[in-house]
2 protein chains.
Amino acid sequence: MTIKHYLPGIMMKDSNETNDLQKAGLKATLPRLKILKFLESTDIRHLSAEDVYKSMLDSGDEVGLATIYRVLTQFESAGLVTRHHFEGGHSVFELNEGKHHDHIVCVKCGKVEEFYDETIEERQHVIADKNGFNITDHALTIYGICSDCK
Amino acid sequence: MTIKHYLPGIMMKDSNETNDLQKAGLKATLPRLKILKFLESTDIRHLSAEDVYKSMLDSGDEVGLATIYRVLTQFESAGLVTRHHFEGGHSVFELNEGKHHDHIVCVKCGKVEEFYDETIEERQHVIADKNGFNITDHALTIYGICSDCK
DNA sequence: TGTCCAAATGCGAAATATTCTCATTCTTAT
DNA sequence: ATAAGAATGAGAATATTTCGCATTTGGACA
Ligand SMILES: [Mn+2]
Ligand SMILES: [Mn+2]
Ligand SMILES: [Zn+2]
Ligand SMILES: [Zn+2]
């Protein structure tokens with residue numbers, strides 16, 4: 001295990017983020033650490049690459065936009081984030097916290113709620129079997145008007 | 001009813017496509033008629049704007065790409081076509097034949113199969129209610145490997 | 001702890017997909 | 001047949017994402 005000496009007599013493990021990156025096979029570079037910490041700290045769970053770029057800029061952590069794109073894609077491959085294609089076409093990312101879920105999005109204000117429905121999950125496997133497919137993934141997004149907007 | 005005289009003594013109604021466009025509140029222009037006829041005649045149901053443009057070019061019906069985009073968007077608003085956002089980001093269109101369905105897409109070869117599952121449809125309404133949303137739409141796409149590809 | 005090298009970054013250019021602008025052409029009501 | 005407004009085509013513009021390459025950095029190892 002990697003150990004760093006920060007204060008005399010105290011041994012401190014590397015940060016959680018450093019470990020998470022290394023476990024994912026990614027070097028713990030400053031931009032990657034900043035992006036991961038940002039995703040863990042923000043209260044907005046579903047963000048475009050541009051959103052991440054601008055929010056980080058605002059909080060003083062500038063990382064090049066191309067790097068944001070590269071790192072989010074790497075995080076996706078590593079299973080650290082999930083990418084969605086809501087209406088509008090462009091990608092939206094969210095920190096992967098282990099529990100799969102789908103989304104219901106307000107077409108007026110853009111609010112995103114998450115849900116998980118076991119029945120729907122099961123039916124999808126039945127459908128895939130019926131069509132001779134091995135499921136790799138799925139995306140279900142319900143669009144509607146939220147209670148605030150109607 | 002609009003009547004056109006094509007041959008002496010024979011009365012011919014306007015084409016179905018002309019009527020469909022007019023019912024949709026769209027002028028029956030040549031590009032729109034060509035695009036609609038193309039969508040009705042092709043055996044590939046799910047096409048990008050570029051696909052439509054190139055296929056029509058190949059069959060000698062050139063329509064400007066900007067017009068393809070404009071017309072497909074108008075057709076979508078009129079309910080004549082449906083737009084999807086499968087993985088990859090860009091829009092895919094299909095002629096609307098009245099029966100709602102969702103899709104299962106092969107991530108290897110791109111094959112698209114259609115399905116309809118009443119149980120899933122019902123659960124979505126339960127979920128929307130639970131979250132205080134009025135459903136306007138939804139998109140479910142299952143991704144997997146088709147029987148040909150595994 | 002210092003050195004070295006592959007890997008990562010930042011920047012601007014390029015690629016993609018889509019929309020816009022505007023001069024010209026077409027549709028349709030009269 | 002005409003005229004007015006709507007639609008089209010061509011290319012410019014925009015938005016999103018990726019790429020190329022010179023420079024920097026992380027971390028393995030001396
Ligand atoms: Mn989510
Ligand atoms: Mn379909
Ligand atoms: Zn809302
Ligand atoms: Zn396949």
Side-chain angles (χ1 to χ4, degrees), chain A residues 1-6 13-15 17-36 38 47-54 56-57 61-78 80-81 83-93, chain B residues 1-4 14-15 17-36 38 46-54 56-57 61-78 80-81 83-93:
Chain A
M1 181 185 297
T2 312
I3 301 289
K4 283 193 178 166
H5 302 259
Y6 286 105
K13 291 215 313 287
D14 285 352
S15 75
E17 290 80 16
T18 299
N19 279 323
D20 289 347
L21 290 177
Q22 286 170 344
K23 270 186 284 180
L26 297 169
K27 286 210 297 199
T29 65
L30 215 44
R32 295 210 269 233
L33 284 167
K34 284 178 176 177
I35 294 168
L36 186 51
F38 167 77
L47 302 133
S48 69
E50 189 83 30
D51 290 339
V52 172
Y53 176 71
K54 285 187 183 146
M56 292 185 68
L57 239 191
D61 281 321
E62 177 154 15
V63 174
L65 182 56
T67 300
I68 302 271
Y69 273 103
R70 273 186 299 238
V71 169
L72 288 174
T73 300
Q74 292 156 355
F75 282 8
E76 183 191 16
S77 300
L80 294 173
V81 309
R83 181 194 304 253
H84 305 292
H85 298 282
F86 297 155
E87 278 183 356
H90 62 281
S91 295
V92 171
F93 300 84
Chain B
M1 183 185 295
T2 311
I3 302 287
K4 284 192 178 167
D14 286 352
S15 75
E17 291 79 16
T18 299
N19 280 323
D20 289 347
L21 290 177
Q22 286 170 347
K23 271 186 283 180
L26 296 169
K27 289 210 292 201
T29 65
L30 214 45
R32 295 209 270 232
L33 284 166
K34 284 178 176 176
I35 294 168
L36 185 52
F38 168 77
H46 305 90
L47 303 133
S48 68
E50 189 83 28
D51 291 338
V52 172
Y53 175 71
K54 285 186 182 148
M56 291 185 68
L57 238 191
D61 281 320
E62 176 153 17
V63 174
L65 183 55
T67 300
I68 302 273
Y69 274 104
R70 272 186 301 236
V71 168
L72 287 173
T73 299
Q74 292 156 355
F75 283 8
E76 184 192 16
S77 300
L80 294 174
V81 309
R83 180 194 304 253
H84 305 293
H85 298 282
F86 297 156
E87 278 182 357
H90 62 282
S91 295
V92 171
F93 301 84

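No hydrogens, no waters, no symmetry mates; every other heavy atom, side chains included, goes into these values. Numbered from 1 within each chain, the chains take letters A, B, ... in sequence-line order.
Residues A/Ile35 and A/Tyr53 fail the side-chain proximity criterion, which asks for heavy atoms closer than 4.5 Å. In this structure, the side chains of A/Gln74 and A/Arg32 come closer than 4.5 Å at one or more pairs of heavy atoms.
Distance NE2 (B/His85) to P (C/dA17): 14 Å, rounded to an integer number of Å. Note: CE (A/Met56) to C1' (C/dT9) measures 13 Å, nearest angstrom. Between A/Leu57 atom CG and C/dC11 atom P there is a gap of 10 Å when expressed in whole angstrom units. Here C/dT27 presents its C1' atom at 11 Å from CG of B/Leu33, a figure rounded to the nearest Å. Between A/Ile68 atom CD1 and C/dC11 atom P the separation is 12 Å, expressed in whole Å. For A/Asp61 and C/dT9, the CG to P distance is 14 Å, given to the nearest whole Å. Between the NZ atom of B/Lys34 and the P atom of C/dC26 there is a distance of 11 Å, rounded to whole Å. Atom pair B/Leu65:CG and C/dT16:C1' shows a separation of 12 Å (rounding to whole Å applied).
Distances shown here put a side-chain N or O of A/Tyr69 below 4.0 Å from the OP1 or OP2 atom of D/dT17. Taking side-chain N and O atoms only, B/Gln22 has a distance below 4.0 Å to OP1 or OP2 of C/dT28.
B/Glu87 CD to A/Ser91 OG: the interatomic distance, rounded to the nearest 0.5 Å, is 9.5 Å.
B/Lys27 meets the salt bridge (charged side-chain N to carboxylate O under 4.0 Å, His left out) test with no other residue; sequence neighbours excluded.
With D/dC19, D/dG27, D/dT16 as the choices, the nucleotide that has an atom nearest any side-chain atom of A/Ala28 turns out to be D/dG27.
The two residues B/Leu72 and B/Val81 make their nearest non-hydrogen contact at O-CG2, 3.6 Å.
Between the side chains of A/Thr67 and A/Arg70, at least one donor-acceptor pair of N or O atoms lies under 3.5 Å.
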Table of protein N/O atoms under 3.5 Å from nucleotides 4-8 of chain D N/O atoms:
residue, atom, partner, partner atom, Å
D/dA6, O4', B/Lys27, NZ, 3.2
D/dA7, OP1, B/Arg32, NH2, 2.9
D/dT8, OP1, B/Thr29, OG1, 2.8

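Among the protein residues, A/Ser91 comes within range of the sugar-phosphate backbone only, with heavy atoms under 4.0 Å from sugar or phosphate atoms but none that close to a base.
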For B/Phe93 and B/Asp51: C-alpha separation, side-chain torsions, deciding distance, then whether side-chain contact (heavy atoms from CB on, under 4.5 Å) applies. CA-CA 10 Å; B/Phe93 301 84; B/Asp51 291 338; over 6 Å; no
